[in-house]
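Here the structure is laid out as structure tokens; the discussion comes afterwards.
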Amino acid sequence: MIRVTTVLWMLAVMIAGYAMFQVKYEVGRLEDRLAQLNRDVAAAREENRVLNAEWSLLSDPQRLDRLNKAFLHLAPVGTVQIGSLDQIPFRPGSAPAPMLAKAAP
Amino acid sequence: MNPRLNLGHDNPCRPRHFRPGRAANAAPEGPAKAALELSHTRLLIAGALFLLAFAVIAGRLIEVAGFKSGDVRSAHARQAGPSIAARGDIVDRNGVLLATTLDTASLFAVPKQVPGKREAAAQLAAVLPDANADELYARLSSDKGFVWLARQLSPQQKMAVIRLGIPGLEFQPEGKRFYPKGSLAAHVLGFAGLDNTGLAGIERGRDGSLKSGDAPVQLSIDVRLQYILKSELARQIADLNALGGTGIIMDVRTGEVLALVSLPDFDPNDPGAAKPEDLFDRATLGIYEVGSVFKIFNTAMALEDGVSTFASRYDATKPLEVAGYTIHDDDPQNRWLTLPEIFMYSSNIGEARMAADAGTDRQRDFLGRLGLLRQPSFELPEIGTPLVPRPWRPINTMTIAFGHGISVSPLQVASAASAVANGGILYPATILKRPDGPPPQGQRVMSTETSIQMRKLLRLVVEQGTGKLADAPGYLVGGKTGTAEKVENGGYARHALVSSFVGIFPINDPRYLVMALLDEPHIGAKAGGATGGLTAAPAVRRIVERMAPLVGIQPVDENSPEIRRSLVVGLPSPQGRKLAAN
């Protein structure tokens, strides 16, 4: 009777010990992973900052204007180039005509 | 187990020959009893101590496992957070990046640990920018424990140093302030020093929130408008051989500054290379006698206080002599003029008489309400204080009517003119984007009726008066020209002018104010005729034409009946007949 309890207890101790070390190693692995991920996040953030800065540098209107003058020669939109849809006339006789033609027998 | 319990029964496991002796249960007596009790007590105390120890351990176990786990996790998270406290970004109203902090490495050496100093210095000089081998050698040979070799290296330079493989060299991460748009918004942004402290502009004005680095500081500036304003001003300054200039685009409905330019300017990435005059912010720190632009405020005062109406007539037949001064008109009409004509032809005599009718108290009161007599509150630290006459004599009242004898900053003029045009509500100027939602709290400074009358007068100036060159067809620009002689050695310099134009469009429903001011422009070789109408007005026209499509303002037919009706002003013809202005 006593022997059986002792054996059971020893077994329990061994299982608990094994489980504890398992958890300990698992925690260590997760901590390493967390630290790595945090480093990656910090690096990605910094990279993002650099790319943002570069985008802002490249999209500088002073630079775009210089490039435009060198290669594209685009001019600002003038008043005469702006209109509204109702200023565009229908093609003479074209819009209602096809409907009428089909309706007529 | 107490063996006495078994006495009366027969235990089947008990050996036949064994009976428990009575002596075993006999209570000890004498010294034995005392010893037994002592050991009992000791056992009890020891047991209690152990129990206490186990309870503490159990309690701590529960605490660690159950409640304090958050702390453990955040300790790890903190460990891998950003390596340096980065200064916050500055962005424009659309989120375009204007200033950011990039990680750079600064190189230092522990001289004792560097072998072959001569050779190391030569190798370093080859990869570091602006480095000199002798100087590096001198630093490496010093007996200090720590010497800086180079600050703020780029990643490429850092890698080049690492590849040299010299022992005793270390890197310290450091943030470097970077302004990707260069000089575009130089005076708005200002700059920060090597230790990441703001020294000018919004970098200084909002140093606290930038240092905390949480959210970016969002300006009311629109980079596109900023560029339009800057390029057109720069063009005008170059064409007219001016000393400099300044310009402001303001949203008249909120007081937000959409663009603010002062030329000459500087590159915030290299503020050390800037001359003092480049750093000077003419738009906010500079104060000028702005000349006839002030007639906007004088005329609004006369109309608001009921001193004058559109039908009021003033004698402009000859120059006005007051207290030893003579007030002339630049474009003398030599006749009696109605109030709209005075405004249109920019008659100094007429405005002076109007101000004299209103009186000093009314004028001081009204200009004070428009915020023209005290330092405005603004987020940039470079803020000029207006120069106001003390004492305020009647002659001051008459010259202030046409903008002489009082100096204010262009920013103040823009705010006050916005209030005149927007229906009479003064919004404090701001360089920070206002949050979406209900319109900001403004202060009513004049009636809506006065403001509507002023819109008509402002349109009249551009349609028929001194500001014709500002007329961007379809966008209904209204505005006022200003030409002032600069004060030099206590007098006025005839040939050093400050020429300006304040434009507001579309004037029938004002949205934007565009102001341009040029310092000493020249037309041809001489400066005399370089008035605001000839120098600043054309720049405003080009700015309006370029910005209107960007801000979504549709050109309209200026001759459509409803627009004519809303802006028409009755003018007497030379024969005395009333004609509609067109």
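Residue numbering restarts at 1 for every chain, and letters A, B, ... go by the order of the sequence lines.
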**Asked** Of the non-hydrogen atoms in E46(A) and D103(B), which two are nearest, and what is the gap between them?
**Response** OE2-N, 2.9 Å

**Item:** For the student: nearest non-hydrogen atoms of A53(A) and L102(B), plus distance
**Value:** CB-CD2, 4.3 Å

**Complete:** Correct closest heavy-atom pair for I82(A) and Q554(B) would be CG2-OE1, 4.2 Å

**Prompt:** Do any of residues 258-271 of chain B come closer than 4.5 Å to chain A, heavy atom to heavy atom, and if so which ones, in number order?
**Reply:** none

**Prompt:** How far does CG of D60(A) sit from CG of L97(B), to the nearest 0.5 angstrom?
**Reply:** 11.5 Å

**Prompt:** In terms of heavy-atom proximity below 4.5 Å to chain B, should Q62(A) be classed as side chain, backbone, both, or neither?
**Reply:** both

**Item:** Inter-residue atom distance D89(B).CG - N52(A).CG, 0.5 Å rounding
**Value:** 7.5 Å

**Prompt:** Taking R546(B) for the side chain and P76(A) for the main chain, is one N or O donor matched with an acceptor at less than 3.5 Å?
**Reply:** no

**Prompt:** Under 4.5 Å, heavy atom to heavy atom, which residues of residues 221-236 of chain B contact chain A?
**Reply:** V223(B), Y227(B), K230(B)

**Asked** Roughly how far, to the nearest 0.5 Å, is the OG atom of S56(A) from the OH atom of Y179(B)?
**Response** 13.0 Å

**Request:** Inspect the surroundings of NZ in K176(B) and state if more than 12 heavy atoms from other residues, nucleotides or ligands are less than 6.0 Å away.
**Result:** no

**Message:** Heavy-atom cut-off 4.5 Å, strictly under: side chain, backbone, both or neither for Y475(B) against chain A?
**Reply:** side chain

**Prompt:** If you measure from CD on E54(A) to CZ on F178(B), what distance do you get to the nearest 0.5 Å?
**Reply:** 9.0 Å

**Message:** Keeping E545(B) on the side-chain end and G78(A) on the backbone end, is there a donor-acceptor pair under 3.5 Å?
**Reply:** no

**Prompt:** Would you say E47(A) has more than 12 foreign heavy atoms packed within less than 6.0 Å of its CD?
**Reply:** no

